[in-house]
Amino acid sequence: GESVGLHLPTLSVQEGDNSIINCAYSNSASDYFIWYKQESGKGPQFIIDIRSNMDKRQGQRVTVLLNKTVKHLSLQIAATQPGDSAVYFCAENIGGGADGLTFGKGTHLIIQP
Amino acid sequence: DAGVIQSPRHEVTEMGQEVTLRCKPISGHDYLFWYRQTMMRGLELLIYFNNNVPIDDSGMPEDRFSAKMPNASFSTLKIQPSEPRDSAVYFCASSDRGSEQFFGPGTRLTVL
């Protein structure tokens with residue numbers, strides 16, 4: 001079946017560097033994509049979202065890029081800080097958000113001092 | 001707003017026992033979602049409600065699982081009888097008109 005998946009389970013970066021977390025999706029009907037951050041012992045926390053009519057969206061220190069041609073989604077975190085250590089999930093939805101989300105497996109981001 | 005509230009935060013029970021997980025969504029949100037998270041399967045949608053009505057329960061594993069939403073401020077997820085393979089973290093999330101979903105802190109369930 002179609003699913004959302006992540007390329008790398010663990011990403012280690014130096015503090016202050018930029019981080020890029022990738023996600024591949026296979027359902028061409030998906031039109032809403034979200035990145036969540038989950039810290040240990042907590043629920044997923046919304047970071048940023050993007051709809052299929054856009055290819056880039058920026059937030060505070062984060063940027064999401066969407067390439068519909070190759071069905072690829074990425075999350076860029078600028079100037080990575082120790083507090084960015086967490087598991088990052090991409091999620092997809094059909095219908096613009098008014099349904100349950102399909103989550104990828106997650107990438108564990110580790111910040112090296 | 002206190003955010004999505006779930007109780008209990010931790011539940012340890014024995015196989016065969018009934019388990020009830022509770023959720024209070026953010027006030028004013030009209031969508032409520034139940035998810036389950038395990039190491040093997042990640043985050044999976046179990047069921048979701050819109051205006052207290054179940055819309056999609058295709059993710060509910062089997063008949064031992066049931067969910068209700070008697071009013072806009074309360075939902076329950078019940079497992080009866082519980083089995084060790086039900087051990088997981090169960091999350092409740094809510095959203096306003098299908099926008100960003102806000103997750104609760106989760107209930108960690110251990111079935112012995």
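Below, chains carry the letters A, B, ... as their sequence lines are ordered, and counting in each starts from 1. On a predicted model such as this, the values are computed, not experimentally measured, just so you know. Computed from heavy atoms alone, side chains included, the values below leave out hydrogens, waters and symmetry copies.
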Quiz item: By salt bridge (charged side-chain N to carboxylate O under 4.0 Å, His left out), which residues pair with B:R22, not counting sequence neighbours?
Solution: none
Self-check item: Proximity of residues 39-50 of chain A to chain B, residues having a non-hydrogen atom under 4.5 angstrom
Solution: A:G41, A:K42, A:G43, A:P44, A:F46
Quiz prompt | Verdict with reasoning, B:R41 to A:F103, per side chain to side chain contact (heavy atoms under 4.5 Å, CB included) | solution = CA-CA 10 Å; B:R41 301 176 66 89; A:F103 281 85; over 6 Å; no
Practice problem: Measure from the side-chain N and O atoms of B:Y35 to the backbone N and O of A:L101, and report whether any donor-acceptor pair falls under 3.5 Å. | Solution: yes
Quiz item: Applying the 4.5 Å side-chain criterion to the ILVMFWY set and letting contacts propagate, would A:L66 and A:I20 be lumped into a single cluster?
Solution: no
Quiz item: In the single-linkage hydrophobic clustering (I, L, V, M, F, W, Y; side-chain heavy atoms under 4.5 Å), do B:V89 and B:F65 co-cluster?
Solution: no
Can you establish whether the number of heavy atoms outside [X] located under 6.0 Å from its atom [atom1] is more than 12?
X	atom1	result
A:Q60	CD	no
A:Q112	CD	yes
B:D63	CG	no

Quiz item: If you look at every heavy atom in B:F91 and A:Q38, which pair is closest and at what distance?
Solution: CZ-NE2, 3.4 Å
Exercise. Against chain A, label B:E44 side chain, backbone, both or neither, depending on which of its atoms sit under 4.5 Å from a heavy atom there.
Key: neither
Quiz item: In terms of heavy-atom proximity below 4.5 Å to chain A, should B:M39 be classed as side chain, backbone, both, or neither?
Solution: neither
Quiz item: Sequence neighbours excluded, which residues qualify as side chain to side chain contact (heavy atoms under 4.5 Å, CB included) partners of A:Q58?
Solution: A:K56, A:T63
Scan the side chains in residues 102-110 of chain B for donor-acceptor partners under 3.5 Å anywhere in the protein, sequence neighbours excluded, and list what turns up.
{"from": "B:T107", "atom 1": "OG1", "to": "B:P8", "atom 2": "O", "distance (Å)": "2.5"}

